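In this text the structure is predicted, and so the values were computed from the model without any measurement. Position 1 is the first residue of the sequence, and the numbers go up from there.
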Amino acid sequence: MNWGYISAFWTTVVMNCAQPVNWQACLPVQDWLFPAIGDYIRFKTEEPYASEKRALRSIQMDDR
């Protein structure tokens, strides 16, 4: 795991969720943490914008 991701997670999520004013948004962990983990895994296994590139290529193929 890249330390940049850990640092960004710590400063944005952990530090903001430590404040009582944000607890209402942070408490349903299953609503934001599990999808974020799934996104991270998907992004690590696929090059950036791979699905967008596939969509653009299919449009170009349809035009020919």
Side-chain angles (χ1 to χ4, degrees):
M1 182 177 275
N2 188 341
W3 285 108
Y5 291 120
I6 295 171
S7 174
F9 181 82
W10 180 264
T11 57
T12 57
V13 176
V14 175
M15 295 306 290
N16 285 321
C17 287
Q19 299 173 14
V21 70
N22 296 329
W23 286 353
Q24 186 176 6
C26 293
L27 273 181
V29 175
Q30 70 279 3
D31 292 343
W32 60 268
L33 183 60
F34 300 136
I37 291 170
D39 290 344
Y40 176 77
I41 292 169
R42 187 170 51 250
F43 292 143
K44 292 297 283 182
T45 60
E46 204 174 89
E47 70 174 287
Y49 303 108
S51 61
E52 289 84 353
K53 288 178 184 177
R54 282 193 303 269
L56 289 173
R57 286 185 187 132
S58 70
I59 291 170
Q60 289 173 346
M61 292 292 186
D62 291 342
D63 289 342
R64 291 182 188 177

Return a table of donor-acceptor pairs under 3.5 angstrom between the side chains of residues 9-17 and protein atoms on other chains or two or more places apart.
residue, atom, partner, partner atom, Å
T11, OG1, S7, O, 3.1
T11, OG1, A8, O, 3.2
T12, OG1, A8, O, 2.6
N16, ND2, T12, O, 2.6

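Taking CH2 of W32 as the reference point, atom CG of L27 lies at 10.0 Å (rounded to 0.5 Å).
The side chain to side chain contact (heavy atoms under 4.5 Å, CB included) search around E52 returns Y49, not counting sequence neighbours. For R57, there are no salt bridge (Lys or Arg N to Asp or Glu O under 4.0 Å) partners two or more places apart in sequence or in a different chain.
Summarising the local packing, CD of Q24 is surrounded by 12 or fewer heavy atoms from other residues, nucleotides or ligands at distances under 6.0 Å.
The list of salt bridge (Lys or Arg N to Asp or Glu O under 4.0 Å) pairs with a residue in residues 17-29, not counting sequence neighbours, is empty. Listed by first and then second residue, the salt bridge (Lys or Arg N to Asp or Glu O under 4.0 Å) pairs that reach into residues 9-19 come to none, sequence neighbours excluded. Under the salt bridge (Lys or Arg N to Asp or Glu O under 4.0 Å) criterion, no residue pair touches residues 10-36, with sequence neighbours excluded.
A continuous path of hydrophobic side-chain contacts links L33 to I41 [ILVMFWY only; heavy atoms under 4.5 Å].
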